Amino acid sequence: MSGQREIKLHSQWRQVIGDEFNKEYMHSLREFLIQRKHQGAVIYPPADEWFSALNSTLFDDIRVVILGQDPYHGVGQAHGLCFSVRPGIKVPPSLANIYKEIKSDLSIDQPNHGCLISWAQQGVLLLNATLTVEDANAGAHQGKGWEQFTDQVIKAVNEHRKGVVFMLWGSYAQKKSAMIDPSRHLILKSVHPSPLSAYRGFFGCGHFSVANRYLEEQGLKQINWQLPEQEDALKAIQDSSKSLS
């Protein structure tokens, strides 16, 4: 990551946060990742998907931001969008609870897959605070620099966009509200959708309908939270990869 030409990142995002790649913390992060790879660590997601959240949701299109903490650390799960898994991979428990809340909130039937790229392409930035992890080792890359980078992403959205809905689920995500101006954006807070906490306030939060009402009030198009069929999701991922190659 020492040179921007090595990074697959859309020009819109380069203009907003491209300078971050020249900073010392990103050089250190790059060296750490190279070292871990040489030591035999299996890193998820693959390197060409580290910035998929940004490439799938262009800066000018952002209408909603959903924050996660770490990528999934199981084989074949992570592909760069928080809470999302590749088509064909079993829907993780937290995402299953998100689907349950959408069903309750908007009467949308739960899909048979866990790929959220349709949301991303509509303007839902699905951003993890840490963009890499190691196989079966949750949190392995926390505190190495990714959080500083993704904080800059959040700050850029806060400063240069207006009328964005921030969905902050769980205490970790809620701490990021300190970087968001509530007079410019809508901040929605809830407990995390994890099975450990979802019954303490995530179920019934109504965030998806609240977000759509707010967007409509801003004169913006609502999000269609209904996901397409698995085959369409797979095609969308393939098309997105081609567009950056």
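Quick note: numbers below take in every heavy atom, side chains included, and nothing from hydrogens, waters or symmetry partners. The structure displayed is predicted, hence computed values, not measured ones.
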Measure the shortest side-chain to side-chain distance between [X] and [Y] over non-hydrogen atoms and say whether it is less than 4.5 angstrom.
X      : Y      : value
Glu101 : Pro193 : no
Ile34  : His38  : yes
Leu9   : Phe21  : yes
Leu168 : Ile180 : yes
Thr132 : Phe32  : no
Thr130 : His141 : yes
Leu126 : Cys82  : yes
Leu188 : Cys205 : no

Quick one: [atom1] on [X] to [atom2] on [Y], what's the gap to the nearest 0.5 Å?
X      : Y      : atom1 : atom2 : value
Ser52  : Ile237 : OG    : CD1   : 8.5 Å
Glu229 : Ser118 : CD    : OG    : 11.5 Å
Leu186 : His207 : CG    : NE2   : 8.5 Å
Ile43  : Leu131 : CD1   : CG    : 12.5 Å
Leu81  : Cys115 : CG    : SG    : 7.0 Å
Glu134 : Leu33  : CD    : CG    : 9.0 Å

Please confirm whether the backbone N or O of [Y] pairs with a side-chain atom of [X], one donor and one acceptor, at under 3.5 Å?
X      : Y      : value
Ser104 : Lys100 : no
Asp48  : Lys8   : no
Glu216 : Asn212 : no
Trp13  : Thr57  : yes

Sequence neighbours excluded, which residues qualify as side-chain contact (heavy atoms from CB on, under 4.5 Å) partners of [X]?
X      : value
Pro111 : Tyr99, His113, Leu227
Leu234 : Pro87, Gln238
Glu20  : Ile17, Lys23, Tyr25, Phe149, Gln152

Apply salt bridge (charged side-chain N to carboxylate O under 4.0 Å, His left out) to Lys155 and list each qualifying residue two or more places apart in sequence or on a separate chain. none

Apply the test side chain to side chain contact (heavy atoms under 4.5 Å, CB included) to residues Ile223 and Val165: give CA-CA distance (whole Å), side-chain angles for both, the deciding distance (0.1 Å), then the verdict. CA-CA 11 Å; Ile223 303 297; Val165 181; over 6 Å; no

Side-chain donor-acceptor contacts of residues 58-68 below 3.5 Å, not counting sequence neighbours, with atom names and distances?
| unit_1 | atom_1 | unit_2 | atom_2 | d |
| --- | --- | --- | --- | --- |
| Asp60 | OD2 | Gln12 | NE2 | 3.4 |
| Arg63 | NE | Gln122 | O | 3.1 |
| Arg63 | NH1 | Lys221 | O | 2.0 |
| Arg63 | NH1 | Gln222 | O | 3.2 |
| Arg63 | NH2 | Gln122 | O | 2.2 |

Sorted by first residue and then second, give each side-chain hydrogen bond (donor to acceptor under 3.5 Å, both in side chains) pair with at least one member in residues 74-98; sequence neighbours left out. Glu49-Arg86, His79-Ser84

Under the side-chain hydrogen bond (donor to acceptor under 3.5 Å, both in side chains) rule, what pairs show up with a residue in residues 175-187, not counting sequence neighbours? Asp151-Lys176, Ser177-Lys189, Asp181-Ser183

Test ring-ring contact (aromatic ring centres under 6.0 Å, His included) applied to Trp119 - qualifying residues, sequence neighbours left out: Trp225

With sequence neighbours excluded, residues passing ring-ring contact (aromatic ring centres under 6.0 Å, His included) with Tyr199: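 Partners of Tyr199 by the ring-ring contact (aromatic ring centres under 6.0 Å, His included) criterion, ordered by chain and then number, come out as Phe203.
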
What salt bridge (charged side-chain N to carboxylate O under 4.0 Å, His left out) pairs are there with at least one residue in residues 107-124, not counting sequence neighbours?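 Checked against salt bridge (charged side-chain N to carboxylate O under 4.0 Å, His left out) - neighbours excluded - the pairs reaching residues 107-124 are Lys103-Asp109.
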
Heavy-atom pair of closest approach, residues Ala211 and Met167: CB-CE, 3.7 Å

Same cluster or not: Ile154 versus Tyr172, using hydrophobic residues (I, L, V, M, F, W, Y) connected whenever any side-chain heavy atoms lie under 4.5 Å apart?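 Not linked; separate clusters.
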
Leu106 with Val124, same ILVMFWY side-chain cluster at under 4.5 Å: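 Looking at the clustering, Val124 is in the same group as Leu106.
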
Testing Phe202, Phe83, Trp169 for ring pair (Phe, Tyr, Trp, His ring centres under 6.0 Å) with His192, which one passes?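 Passing option: Phe83.
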
Partners passing side chain to side chain donor-acceptor pair (under 3.5 Å) against Lys162 (at least two apart in sequence or in another chain):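 In terms of side chain to side chain donor-acceptor pair (under 3.5 Å), with neighbours along the sequence ignored, Lys162 is linked to no residue.
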
When you look at Arg30 and His27, which way does the side chain to side chain contact (heavy atoms under 4.5 Å, CB included) test go after all the steps? CA-CA 5 Å; Arg30 179 180 185 273; His27 294 319; 5.7 Å; no

Heavy atoms from other residues, nucleotides or ligands near CD of Glu31 exceed 12 (cutoff 6.0 Å): yes

With ILVMFWY side chains joined below 4.5 Å, transitively, what does Val133's cluster contain besides itself?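 Val133 shares its hydrophobic cluster with Val42, Tyr44, Val75.
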
